[in-house]
Colleague: 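I'd like to ask some things about the structure below.
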2 protein chains.
Amino acid sequence: MRKRAALRQADILGVLEASDRPMTAYQILERLQVTEPDIAPPTVYRTLAALTDQGRAHRLESIKAFVPCRCSHVESVPVLAICEDCGSVDEHDGSDLLPKLTALTDQNAFRAERHIVEIHGLCGTCAT
Amino acid sequence: MRKRAALRQADILGVLEASDRPMTAYQILERLQVTEPDIAPPTVYRTLAALTDQGRAHRLESIKAFVPCRCSHVESVPVLAICEDCGSVDEHDGSDLLPKLTALTDQNAFRAERHIVEIHGLCGTCAT
DNA sequence: AAGTTTTATTTTATAAAGTAACAAAATTCA
DNA sequence: TGAATTTTGTTACTTTATAAAATAAAACTT
C-alpha cells in the first residue's frame with residue numbers, strides 16, 4: 001500500500017471514529033477540507049472504498065452513509081442497527097445468521113460473497 | 001387511494017414485472033416517457049415509495065434499483081440475492097431469520113421496524 | 001543514482017439519484 | 001355547488017457518485 005493512501009485512510013477513519021453518528025461522503029469531505037482545502041470527492045470515495053474493502057469501515061446502504069467498524073473487522077455478516085429517531089448506529093456480529101442465510105439460497109446454487117444486513121428501528125433510548 | 005395513483009402503480013409494477021433485471025428509477029422513468037413524455041422524476045419516486053410501502057416492490061439498497069415483489073408481499077424479512085455477474089435478483093422469505101436478528105439487538109432494547117437483507121454473489125448459472 | 005516504466009492520485013467535469021417547494025388539478029363532503 | 005382537503009404535476013435544485021484526463025509518486029533497470 002502506498003504511504004499516502006495509508007495516511008488518508010487513517011485520516012478518514014479518524015474522522016469517522018470521532019463522530020457518534022454515521023457520516024456521508026460529503027460530510028467527511030467537508031471535514032477534511034478544513035485542513036486540506038483542495039481535496040475533492042474522488043479522493044474521499046476512493047479512500048472509503050479501500051476502508052470498506054478492508055472491513056475497517058462499513059457503508060450503510062440504506063442511508064448512504066459510513067461508520068467505522070467497531071467489531072472485529074472480520075465478521076462475516078455485519079449487522080447494523082440504525083435508529084430512525086436519533087440516527088445512532090450499533091454494530092453487531094451476525095455470523096450465526098450464516099447457516100440460515102445459506103439455506104435460503106442453497107437450492108439455487110447461489111454463491112454468496114457479501115451479506116448486507118441493516119435494521120431500521122428505534123434504539124433503546126429513543127424507544128422509551 | 002386515488003384512481004390515478006392506482007393506475008400509475010399498476011403501470012410501474014408492470015414495467016418492473018416485464019423486466020428480468022432490477023431497474024433504477026431513471027430507467028423506469030425513461031420507459032414511461034415513451035408513452036407519456038411529460039412524466040418527471042418525482043412521479044416515479046412517489047409511486048415507487050407507495051409500492052415499496054405496500055410491499056409490492058422492493059428497493060435494492062445496495063444497487064439503487066427496484067424489483068417487483070415476487071413473494072407474498074407480507075414477508076417480514078425479504079431476502080434479495082443479487083448476482084454480480086448477470087444482475088439477476090432472486091427473492092426469498094427470510095422470516096425465520098427473525099429470532100436471531102432479534103436476539104442480536106435485544107440487549108440494547110432496540111425496536112426493529114424494518115429489516116434489509118441483501119446478498120451479493122453469483123447465481124447458480126453464473127457460478128459454474 | 002538517472003532515466004524509464006508503471007501505478008496511484010488528483011483534478012476537472014459531469015453523470016446519476018433523489019427531493020423541496022410550489023402550482024394545478026382532482027376529490028371529498030358540507 | 002363550491003369551499004376545504006388531498007393528490008398530482010412541474011420546476012428547479014441538492015446530494016451522491018464516477019469517468020476520464022492530467023499529474024505525481026513509486027518501482028524498476030541498468
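Chain A is the first sequence line, chain B the second, and so forth, proteins listed ahead of strands; every chain is numbered from 1.
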Colleague: Rounded to the nearest angstrom, tell me the gap between atom CG in B:L7 and atom P in D:dT7.
Modeller: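 Value for this atom pair: 16 Å.
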Colleague: May A:Y26 be described as stacking on the base of D:dT15, applying a 5.5 Å centroid limit and a 30° limit on plane angle?
Modeller: no
Colleague: Tell me which residues in residues 34-46 of chain A lie within less than 4.0 Å of DNA chain D, going by non-hydrogen atoms.
Modeller: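 Contacts with DNA chain D under 4.0 Å: A:P41, A:P42, A:Y45.
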Colleague: Using whole Å, report how far CG of A:L48 lies from C1' of D:dT18.
Modeller: 14 Å
Colleague: What is the distance, rounded to the nearest whole Å, between atom CG of A:L32 and atom P of C:dT9?
Modeller: 15 Å
Colleague: Is the shortest side-chain N/O distance from A:T24 to OP1 or OP2 of D:dT16 below 4.0 Å?
Modeller: yes
Colleague: For the residue pair B:H115 and B:S76, what are the closest heavy atoms and their distance?
Modeller: ND1-O, 4.3 Å
Colleague: Membership question, hydrophobic clusters at under 4.5 Å side-chain separation (ILVMFWY): are B:L48 and B:V15 in the same one?
Modeller: yes
Colleague: Nearest-Å distance, CZ (B:R8) to C1' (D:dT8)?
Modeller: 9 Å
Colleague: Which atom pair, heavy atoms only, marks the closest approach of A:T52 to A:A49?
Modeller: OG1-O, 3.0 Å
Colleague: Of all heavy-atom pairs between A:P41 and A:Y26, which one has the smallest distance, and what is that distance?
Modeller: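 The answer is CG-OH, 3.4 Å.
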Colleague: Measure from CD on B:E30 to P on C:dA17 and round the result to the nearest Å.
Modeller: 10 Å
Colleague: Can you find a pair of side-chain heavy atoms, one from A:T47 and one from A:I28, that are under 4.5 Å apart?
Modeller: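 No, side chains not in contact.
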Colleague: Consider only side-chain heavy atoms of I, L, V, M, F, W and Y, link residues closer than 4.5 Å, and tell whether B:I39 and B:L13 are in one cluster.
Modeller: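 Same hydrophobic cluster.
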Colleague: In whole angstrom, give the distance that lies between atom CG of A:L60 and atom P of D:dT16.
Modeller: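 From A:L60 CG to D:dT16 P: 13 Å.
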Colleague: Identify which one of A:T125, A:I119, A:L122 satisfies the side-chain contact (heavy atoms from CB on, under 4.5 Å) criterion when paired with B:F110.
Modeller: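 Testing B:F110 for a side-chain contact (heavy atoms from CB on, under 4.5 Å) against A:T125, A:I119, A:L122 leaves exactly one candidate, A:I119.
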Colleague: Taking only heavy atoms on the protein side, list every residue of residues 79-88 of chain A lying under 4.0 Å from any atom of DNA chain C, sorted numerically.
Modeller: none
Colleague: Whole-Å distance between D:dA17 P and A:Q27 CD?
Modeller: 12 Å
Colleague: Quick one: A:M23 CE to D:dT16 C1', roughly how many Å, whole number?
Modeller: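 Going from A:M23 (CE) to D:dT16 (C1'), I get 15 Å.
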Colleague: Crowded around B:R59 CZ? As in, over 12 foreign heavy atoms under 6.0 Å?
Modeller: yes
Colleague: What heavy-atom pair brings A:C83 and A:C123 nearest, and what distance separates the two atoms?
Modeller: SG-N, 3.4 Å
